[in-house]
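Report on the structure given below.
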Amino acid sequence: MKMSWKYRPWLNAVAVCFLLVTSMQAQEEAFDVDDSIIPQRPPSHIFDPAKWLSPDEEDSIQLQLAKQYKEHEIDIYIVTRAKQPVQGAKTYARSLGEAWSRAPVWCVIFYVPGDPSGFHVQAGGLGLDPARVNRAVSEASRRARREMTEKDRVMAAWGECAEVLRFMHNARDLSNEAVVEKRNELRGEWISKEKWKRIIMVSGVGLLILLAAAAYFFFSSTRKKRCPAVYHFPDTAWRKRYQAPYSGGSGVVANCRRKKRTR
Amino acid sequence: MFKRASVVCPSCLIRFKERADQCPNCQFDAQRAVEQFPFQPPVMQRWMDNAKVFDQAARQEVDQIIDRIIKQFPQVSLFICTVELDDPISLSEFGFWMMNACRLEEGQSEEQRAWSILLLIDVKRKLLSLTPGYAIEAFMDDADWQEALKMMIPDMIADDYRLSLRGFVKDASQLLRKSAQEVMQTLKENHKKQKNLK
């Protein structure tokens, strides 16, 4: 079939429009569907691709979350999406929190507008017990869900979560300080004990040496007094007898023979 | 001060109060002893082991003890002589003869001979005899030394001469120390008495 040249500009324009529409749709779908890619941390504490919050609301929340971050080192993000992520809301929220967190404690409040299950909260932090954090955050969420509208619930959720996390963060700091203080105290005690032990040992050894020396001098002097090293018998007049020059003999004899029995 | 109040005849072993040139009982004297033992007298040495009952080790062991005694009592010498004599030779007479007839050892003086103690061991007849010189006998109690000889008997019967002699030498050391201490005490007392008299 041969097409006339006069329809050609119109066809080009339709083709261009088609391409533009399809590429935009593909881009939007790609953002929402490809859950394996964790998006870059947003410049603010709000990531709202679902356009759920108004610019004024966004500004007001950002102001308060920035304050939490600066003053209390709690990094809170409010994230919305048009569709549910494939890996599930909780897993997705946790992945975002772990990837984006810049502070010791983080929290992500994730919401898909129109989702009947409402918002999901994930939180964590360095040195915090995950089970305790989950329990505290669930409690905070439960309180937040008492609000009437979904927006109010999300607003209440970050407020409640910020409070419990702040408390936990401070408690951890306090407990760390207490541990360090206690450790220092124990160390001090140990050092002083060791010091005393050494003093006692050194003085004990010294005392022992002194005692041994004293005992040695005492016994050696008494022994010297008792038995001199050399004895000298006095000279006496010899009782010469039997015309013998050196000895008069003696009767000191002993017989080792067994006496024979006489019957 | 003298331990020995009486004298004993080495031949008849009878005690007398007075010393004499001849035994009043048996007329024993040095001349008779020389006639009785017409041998060439040996040189008096510490070891005169004629019966050869002490080996080198035993001698060394006993030598160490005797050296200690001599160090403590420099005047005293101890001589050991083993013999195998037959009856009826009296061992005390033989000791008397040896102490007087034996030639002096090289470097030994007459004074030293008088401070000597001779132990005679008759291996054949299992007899023991002790003969002191004139100088040392003044400080020896016969009963104590008799006891020392008796202590040798069990080991002698068992033919353990080394053990027997070692025991005797140790006892001799103790007896000499005891005598020396008694002498020192007596001298001190005498000195005090003299001071008091002055």
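Below, read A as the first sequence line, B as the second, and so on, with proteins coming before strands; counting in each chain starts at 1.
By the 4.5 Å heavy-atom criterion applied to side chains, Glu110(B) and Pro245(A) are not counted as neighbours. Under the 4.5 Å side-chain criterion, counting only non-hydrogen atoms from C-beta, Ser129(B) is not in contact with Val252(A). Contact annotation: the side chain of Gln27(B) never approaches that of Tyr242(A) to less than 4.5 Å [non-hydrogen atoms, C-beta and beyond].
Minimum heavy-atom separation, Gly249(A) to Pro132(B): O-CD, 4.5 Å. Here the closest non-hydrogen pair linking Leu13(B) and Gly251(A) is CD2-CA, 3.6 Å. Between Phe96(B) and Ala244(A), the closest heavy-atom pair is CZ-CB, 3.5 Å.
Of the atoms belonging to Gln75(B), it is side-chain heavy atoms, and not backbone ones, that fall under 4.5 Å from chain A. Both the backbone and the side chain of Met99(B) have a heavy atom closer than 4.5 Å to some heavy atom of chain A. Contacts of Cys12(B) with chain A are absent, with no heavy-atom separation under 4.5 Å from either backbone or side chain. With a threshold of 4.5 angstrom between heavy atoms, Ala135(B) approaches chain A through its backbone and through its side chain.
Aromatic ring pairs are classed by plane angle as parallel below 30°, tilted from 30° to 60° and perpendicular above 60°; the pair Phe73(B) and Tyr231(A) is parallel. In this pair, Phe233(A) and Trp115(B) present their aromatic rings parallel. The plane angle is below 30°, not in the 30 to 60° band.
Note: Ile153(B) CD1 to Asn255(A) CG = 7.5 Å, rounded to the nearest 0.5 Å. With rounding to the nearest 0.5 Å, the separation of OG in Ser247(A) from CD1 in Ile136(B) is 12.0 Å. Between the CZ atom in Arg32(B) and the CD atom in Gln243(A) there is a gap of 12.0 Å [rounded to 0.5 Å]. Cys23(B) SG to Arg241(A) CZ: the interatomic distance, rounded to the nearest 0.5 Å, is 11.0 Å. The distance from the CG atom of Leu104(B) to the OH atom of Tyr246(A) is 4.5 Å, given to the nearest 0.5 Å. Atom CH2 in Trp145(B) sits 11.0 Å away from atom OG in Ser250(A) (nearest 0.5 Å).
Around atom CZ of Arg132(A), no more than 12 heavy atoms belonging to other residues, nucleotides or ligands sit under 6.0 Å away. For Gln112(B), the CD atom counts as densely surrounded, since its 6.0 Å shell holds more than 12 non-hydrogen atoms of other residues, nucleotides or ligands. Counting heavy atoms of neighbouring residues, nucleotides and ligands inside a 6.0 Å radius, atom CE of Met48(B) exceeds 12 of them. Other residues, nucleotides and ligands contribute more than 12 heavy atoms inside 6.0 Å of the NZ atom of Lys126(B). Crowding of Phe39(B) atom CZ: a count of heavy atoms from other residues, nucleotides or ligands under 6.0 Å exceeding 12. When the shell of 6.0 Å around CZ of Arg198(A) is examined, it contains 12 or fewer heavy atoms from other residues, nucleotides or ligands.
In terms of non-hydrogen atom pairs under 4.5 Å with chain A, the most contact-rich of Arg113(B), Lys150(B), Lys71(B) is Arg113(B). Looking only at heavy-atom pairs under 4.5 Å with chain A, the residue among Glu18(B), Glu111(B), Met152(B) that has the most is Glu111(B). Contact tally against chain A (heavy-atom pairs below 4.5 Å) for Val76(B), Leu120(B), Asn100(B), Asp29(B): the top residue is Asn100(B).
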Dump the intermediate steps for side-chain contact (heavy atoms from CB on, under 4.5 Å) on Tyr134(B) and Thr236(A), then the final yes or no.
-> CA-CA 9 Å; Tyr134(B) 285 131; Thr236(A) 54; over 6 Å; no

Could you please spell out the steps behind the side-chain contact (heavy atoms from CB on, under 4.5 Å) verdict for Val183(B) and His232(A)?
-> CA-CA 9 Å; Val183(B) 167; His232(A) 258 280; over 6 Å; no

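Within residues 86-95 of chain B, the residues approaching chain A closer than 4.5 Å by heavy atoms are, in numerical order, Asp87(B), Ser92(B).
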